[in-house]
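Let me begin by presenting the structure, written as structure tokens, before commenting on it.
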Amino acid sequence: MRFVIAAFFLLVLFSYAAAYDPLDPSGNITIKWDIMSWTPDGYVAAVTMNNFQLYRHIMNPGWTLGWTWAKKEVIWSMVGSQTTEQGDCSKFKGSTPHCCKKSPTVVDLLPGVPYNQQFTNCCKGGVVAAWGQDPSAAVSAFQVSVGQAGTSNKTVKLPKNFTLLGPGPGYTCGPAKVVPSTNFLTPDRRRKTQALMTWNVTCTYSQFLAMKNPSCCVSFSSFYNETITPCPSCACGCHNKKNCVQGNSKILSMVGVNTPRKDNSPLLQCTHHMCPIRVHWHVKLNYKDYWRVKISITNFNYRMNYTLWTLVAQHPNLNNVTKVFSFDYKPLVPYESINDTGMFYGMKYYNDLLMEAGPFGNVQSEVLLQKDKDTFTFKQGWAFPRKVYFNGDECMLPPPDTYPFLPNSAHKNVLEIPKLILSLLFLLIAIW
Ligand SMILES: *[C@@H]1O[C@H](CO)[C@@H](O)[C@H](O)[C@H]1NC(C)=O
Ligand SMILES: *[C@@H]1O[C@H](CO)[C@@H](O)[C@H](O)[C@H]1NC(C)=O
Ligand SMILES: *[C@@H]1O[C@H](CO)[C@@H](O)[C@H](O)[C@H]1NC(C)=O
Ligand SMILES: *[C@@H]1O[C@H](CO)[C@@H](O)[C@H](O)[C@H]1NC(C)=O
Ligand SMILES: *[C@@H]1O[C@H](CO)[C@@H](O)[C@H](O)[C@H]1NC(C)=O
Ligand SMILES: *[C@@H]1O[C@H](CO)[C@@H](O)[C@H](O)[C@H]1NC(C)=O
Ligand SMILES: *[C@@H]1O[C@H](CO)[C@@H](O)[C@H](O)[C@H]1NC(C)=O
Ligand SMILES: CC(=O)N[C@H]1CO[C@H](CO)[C@@H](O)[C@@H]1O
């Protein structure tokens, strides 16, 4: 019976999983093209990418945007970004286009390019913050001048087959759709102008498309039981085990060992879980009306600094967070009625950089929660989170029967109905 129900839920979840995150149901990246002017053979467009995802940012080495032209369009020039290849422009005499490929691939410029090559919100190396963390940095933009295209809103053809890598796979983009033209305010904010034509493309993320294995795991401990519940073994797959290094290896003192690789391949410290990231949740203290949790995040990848990291946790008591020490915190309310999810992220210039593996490769904080008299308990592993995400990817939790139990309360009345339901719930959460 248990199996049947679990299998059913699994099926439902997987069918949803294609592009749906229950903790951020309307999260997406929207790419907007605003045609600012027509040219003799085409148009000039401002392309703006807005990351509306609450806790998933685009990290180093940044986004890569692709599309396929509908006709024989070429890119005469770009400001604030560039294509990775020019393609075959041999047909052009005189001035040559920036790119003649049927399916151009565009990347952001790196910070520090000359002022005259910049565009508003460009040149951040493709790094885009999460909306929930910093809306003002959740945008990236560039300008593109297109030739051999239509020169009116009747003859222009929308580009097709948009693809977005951010930086790995995981995003699926829908078709471009003409939407009401964007209104702009002039810099003095006294005049409104309007794009000549606007279209939008919406891309959504799915962890299942992005990778086969999780990229982080969770371990637990508590003040009321000496057991430390470790991350599940091989939580992130053990395929990297051959290339991992021991924490005390001499290799680590070699020059260049921390240099990130082009393909982003990690250099992991050897652990039984083989995850680049471990989140530890320690139930630390019990007061009369409050309880306290310590959260630590450890980086096991010698080739990765995590900038702008985010941690999302789901726990029924997060509706009564009283104080978060040394992380920033923001409640997420995915559905109006439920307020059990929150986002933790680093404080600017203090711990917003999670350093490469090694002595400085961790960040930690403590959270003070007010007990909700009706539901609070240390029994049945209630004090541990139901879901944990690091940088928008779900972390693997330990199996429910290994949680640190409150002494004497566990393993009594094995057939107690609430416990049965609870363990079923945990089973579901675990496989979710
Ligand atoms: C994209 O996200 C925004 C902000 O959350 C939302 O308003 C919009 O409806 C979403 N678009 C789609 C197509 O889901
Ligand atoms: C198009 O995208 C912009 C953000 O880039 C958004 O504000 C606007 O609501 C979108 N329009 C539609 C119709 O989805
Ligand atoms: C196209 O442009 C004309 C005016 O130039 C305007 O009346 C019309 O609404 C536009 N159509 C669209 C789909 O933007
Ligand atoms: C767009 O992608 C689809 C499926 O991947 C493919 O069948 C189609 O030919 C592509 N269209 C263009 C214009 O490349
Ligand atoms: C991480 O940042 C530190 C300090 O900025 C730098 O020395 C180190 O090389 C970086 N490591 C990686 C893997 O980028
Ligand atoms: C959600 O919980 C937070 C405390 O973590 C509280 O500040 C906020 O007001 C709550 N929001 C709603 C809609 O209940
Ligand atoms: C601590 O938790 C473990 C794991 O759930 C359990 O096996 C053990 O009995 C607990 N210890 C005590 C003293 O209850
Ligand atoms: C003890 C306490 O403050 N409980 C509150 C926890 O949060 C819920 C909903 O946000 C309130 O209804 C409780 O009163």
Side-chain angles (χ1 to χ4, degrees), residues 16 18-35 45-56 59-63 65 111 120-121 125 127-128 130-133 135-136 138-142 158 162 164 167 171-185 194-195 197-206 245 251-269 276-277 299-309 332-336 346 349-363 392:
Y16 266 104
Y20 181 79
D21 179 349
L23 300 186
D24 185 11
S26 65
N28 64 60
I29 292 182
T30 303
I31 300 157
K32 182 169 62 105
W33 289 52
D34 288 307
I35 295 189
V47 180
T48 313
M49 185 187 295
N50 277 290
N51 182 8
F52 290 121
Q53 299 178 104
L54 290 173
Y55 47 77
R56 189 173 296 113
M59 64 180 181
N60 243 339
W63 54 260
L65 181 66
T120 317
N121 291 316
V127 173
V128 187
W131 184 259
Q133 191 172 359
S136 69
V139 57
S140 195
F142 59 88
L158 310 192
F162 277 87
L164 177 65
Y171 288 96
T172 331
C173 300
K177 284 203 183 95
V178 175
V179 299
S181 295
T182 308
N183 288 314
F184 298 95
L185 278 177
Q194 200 178 336
M197 185 179 182
T198 301
W199 60 78
N200 270 8
V201 179
T202 302
C203 307
T204 49
Y205 182 82
S206 158
V245 292
I251 294 173
L252 296 175
S253 54
M254 278 162 55
V255 179
V257 71
N258 298 119
T259 309
R261 293 297 160 96
K262 252 213 175 96
D263 64 356
N264 248 358
S265 64
L267 179 65
L268 295 183
Q269 184 178 323
I277 292 289
N299 185 0
F300 291 101
N301 185 354
Y302 290 101
R303 283 193 203 136
M304 177 70 103
N305 284 336
Y306 291 93
T307 50
L308 294 172
W309 59 267
L332 302 175
V333 188
Y335 310 99
E336 267 171 41
Y349 308 123
Y350 176 58
N351 55 8
D352 59 340
L353 173 70
L354 171 55
M355 284 277 283
E356 65 199 26
F360 308 109
N362 66 85
V363 289

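Remember, it's 1-based here, ligands and their atoms both numbered in the order they're listed.
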Which ligand 5 atoms are under 4.0 Å away from a heavy-atom of Arg303?
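Close to Arg303: 13 (C).
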Sub-4.0 Å atoms of ligand 5 with respect to non-hydrogen atoms of Met304:
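Within the 4.0 Å cut-off of Met304, ligand 5 contributes 13 (C).
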Verify the distance criterion only: is there a donor paired with an acceptor across the side chains of Thr204 and Asn28 at less than 3.5 Å?
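Side-chain D/A pair, Thr204 to Asn28: absent.
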Using a 4.0 Å cut-off to any heavy atom of Lys32, which atoms of ligand 2 qualify?
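In order of numbering, the contacting atoms are 2 (O), 3 (C), 5 (O).
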Any idea which atoms of ligand 2 are less than 4.0 Å away from a heavy-atom of Val179?
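Reading through ligand 2 atom by atom, the close ones are 12 (C), 13 (C).
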Quick check on Tyr350: does its OH atom have over 12 non-hydrogen neighbours (other residues, nucleotides or ligands) under 6.0 Å away?
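Not more than 12 within 6.0 Å, no.
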side-chain contact (heavy atoms from CB on, under 4.5 Å), paired with Ile31, selected from Thr48, Thr202, Leu65:
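Of all the options given, the one that passes is Leu65.
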One residue to check: Glu356. Relative to ligand 5, which of side chain, backbone, both or neither has a non-hydrogen atom less than 4.0 Å away?
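The side chain, only.
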Check each heavy atom of Met355 against ligand 5 and say whether those closer than 4.0 Å belong to the side chain, the backbone, both or neither.
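Side chain only.
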Under 3.5 Å, side chain of [X] to main-chain N/O of [Y], donor-acceptor pair present?
{"X": "Asn299", "Y": "Met355", "value": "yes"}
{"X": "Asn301", "Y": "Leu267", "value": "yes"}
{"X": "Asn258", "Y": "Tyr302", "value": "yes"}

Below 3.5 angstrom, do we get any N/O pair linking Asn305 and ligand 5?
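N/O-N/O distance under 3.5 Å: yes.
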Name the orientation class of the two ring planes belonging to Trp33 and Phe162 (parallel below 30°, tilted from 30 to 60°, perpendicular beyond 60°).
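Rings of Trp33 and Phe162: perpendicular, as their planes differ by over 60°.
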Can you list the residues that meet the side chain to side chain donor-acceptor pair (under 3.5 Å) rule with Trp63, with sequence neighbours excluded?
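Trp63 satisfies side chain to side chain donor-acceptor pair (under 3.5 Å) with Ser140 once adjacent residues are dropped.
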Taking all heavy atoms of Ala195 and all of Asp34, pick out the closest pair and write down the distance.
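Looking at all heavy atoms of both residues, the closest pair is CB-OD1, 3.7 Å.
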One pair per line, please: each N/O atom of ligand 1 matched with every protein N/O atom under 3.5 Å away, atom names first, then the distance to 0.1 Å.
| from | atom 1 | to | atom 2 | distance (Å) |
| --- | --- | --- | --- | --- |
| ligand 1 | 2 (O) | Ser26 | O | 3.0 |
| ligand 1 | 2 (O) | Asn28 | OD1 | 3.3 |
| ligand 1 | 2 (O) | Asn28 | ND2 | 2.3 |
| ligand 1 | 5 (O) | Ser26 | O | 3.3 |
| ligand 1 | 5 (O) | Ser26 | OG | 3.3 |
| ligand 1 | 11 (N) | Asn28 | ND2 | 2.9 |
| ligand 1 | 14 (O) | Asn28 | ND2 | 3.3 |

